[in-house]
Every structure is written in C-alpha cells, then in structure tokens.
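Written out below as structure tokens is the structure these notes cover.
Because the structure is predicted, anything quoted here is derived from the model rather than measured. So you know, we letter chains A, B, ... as the sequences are listed, proteins then strands, and number each from 1.
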Amino acid sequence: NAGVTQTPKFQVLKTGQSMTLQCAQDMNHNSMYWYRQDPGMGLRLIYYSASEGTTDKGEVPNGYNVSRLNKREFSLRLESAAPSQTSVYFCASRLAGVWNEQFFGPGTRLTVL
Amino acid sequence: QQQVKQSPQSLIVQKGGIPIINCAYENTAFDYFPWYQQFPGKGPALLIAIRPDVSEKKEGRFTISFNKSAKQFSLHIMDSQPGDSATYFCAASAVSGGYQKVTFGTGTKLQVIP
C-alpha cells in the first residue's frame, strides 16, 4: 500500500496563476482532508470530504476549491494564487469512526511569488 | 481562535532526558486526543492517542497524561534519543457537523542532543 500520495512535491507559482494539488489514497478511507501548515500555526483545515460526493469548508477555505473525484482522490485547486497561500499543504485520509487516526501524505511545498 | 494551546514552542534536551510537552483545550466536547510526530520534510504521523475516560496511556517510551477536570494533557518522552528529534503536535477531536473534526496545537520542535 502506498498510503496517501500527493503531487507535486514542490511548486513555484507567480501571483495570479492557478494550479491543482492532487491527492490519492489506497486505504479505502471514507474521509479526506486538506490542511495547510505554516510556521507557528500548526495545521489548519482548508476543506474536508466526509464521504465520496460531499465536501465542506474547514477553518481557512478562502481562495481554494476542492473536488472529491471518487473515493480515492481529493484535489485542491488554487484559482488565482496569492503570496499568502505560500505554505506546505498536506492531504490526509481516515476511516469513518471516532477513534480512527488520520493518515497524512508527504506534503506539497508551494511558493507564490 | 486557538482551541488547543500547546507549549513550549521549542525544547532542547540531552539524550536520556525527559522532555514534557503540554497542551490545554477549551471545548469540553472533545473526545479523542492524539499526538502526532513530524520529521522534517515528512507528513505528521500518529504517535499515541488517549480517550478522556483514561488518565494515562503508555506506549513504549511515550506517555500521555490526561487531566479532564483541568482540560489539560501532556506528552512525556522517557529516555529521549537523538532520533526523537522532531516536531510534535497535540490535537483534539470531536464530532462537528456530522464529521470528526480535528483541531491541532501549534507544535513543539524538540531537539535531543547526543
């Protein structure tokens, strides 16, 4: 099992450019998440998908959109990148249930100039 | 609004020492308290977790102490090793809007000196 995979690993964008971050999991998990990690701020939830076909906003959704393509894949799109979106982005997944852990991908380091 | 407060921000201990990382929460609806370990360039990985009906949980050299009345919990690392050098995040989760929402602390960067 590959677990949670993310592409790309690194990306540099110019202000106003768009891009999609890809995430896939092979653990048959119901729920998937996108977080951003910034120094001194921990992990903040951008969007989540409790199950295939549903998506909801998290703590910091402005400037982002998501698509739950199927049970395996959950993508994050930046329509018009801004320097404030420079961050490390993590995708995570988990099986439904109170005590189940979240599994994280390796992250995408995004720089917006 | 920071619902899970974590301290210290960074910590340096010598090999064999016992680093302690503290977290406090506000929301009494939280019902699961995991700790994650993150190495540079990697995603966080679950280290150990505790439920609020238990006051202590040990897994190897890692121990969580939980004080429900004070709304505080802490991570102790016994006989710390240089390989334990990483960033540690506490977290708390509760069902919100029909899904399990996890709130993370701001992280503690631990360095264990040989």
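Looking only at heavy-atom pairs under 4.5 Å with chain A, the residue among B:Q9, B:K101, B:Q38, B:K109 that has the most is B:Q38. Ranked by non-hydrogen atom pairs under 4.5 Å with chain A, the options B:P44, B:A49, B:A94 are led by B:P44.
Residues B:V4 and B:I48 share a single hydrophobic cluster, defined by chaining ILVMFWY side chains whose heavy atoms lie under 4.5 Å apart. Criterion: ILVMFWY side-chain heavy atoms under 4.5 Å apart, direct or through other members. Under it, B:V112 and B:L11 are part of a common hydrophobic cluster. Under a hydrophobic clustering in which Ile, Leu, Val, Met, Phe, Trp and Tyr are joined whenever their side-chain heavy atoms come within less than 4.5 Å, directly or via other members, A:V60 and A:L43 fall into different clusters. B:V13 and B:I21 fall within a single hydrophobic cluster, where Ile, Leu, Val, Met, Phe, Trp and Tyr side chains are chained together by heavy-atom contacts under 4.5 Å. At a threshold of 4.5 Å between side-chain heavy atoms, the hydrophobic network of Ile, Leu, Val, Met, Phe, Trp and Tyr places B:L75 and B:I20 in two separate groups.
Of the inter-residue distances, the one linking A:E101 atom CD with B:L47 atom CG reads 10.5 Å to the nearest 0.5 angstrom. The distance from atom CD of A:Q37 to atom CZ of B:F89, rounded to the nearest 0.5 Å, is 4.0 Å. For the atom pair CG (B:L46) and CZ (A:F103), the distance works out to 7.5 Å, reported to the nearest 0.5 Å.
Few gaps surround CE on A:M27; more than 12 heavy atoms of other groups in view lie less than 6.0 Å from it. With a 6.0 Å radius and a threshold of 12 heavy atoms from other residues, nucleotides or ligands, A:R72 has its CZ atom above the threshold.
With a threshold of 4.5 angstrom between heavy atoms, A:L45 approaches chain B through side-chain atoms but not through N, CA, C or O.
The shortest heavy-atom contact between B:F104 and A:Q102 is CZ-OE1, 4.1 Å. Nearest heavy atoms, A:G40 versus B:T106: O-CG2, 3.4 Å.
For the pair B:V102/A:Y48, no side-chain contact is recorded, criterion being any heavy-atom separation below 4.5 Å from C-beta on.
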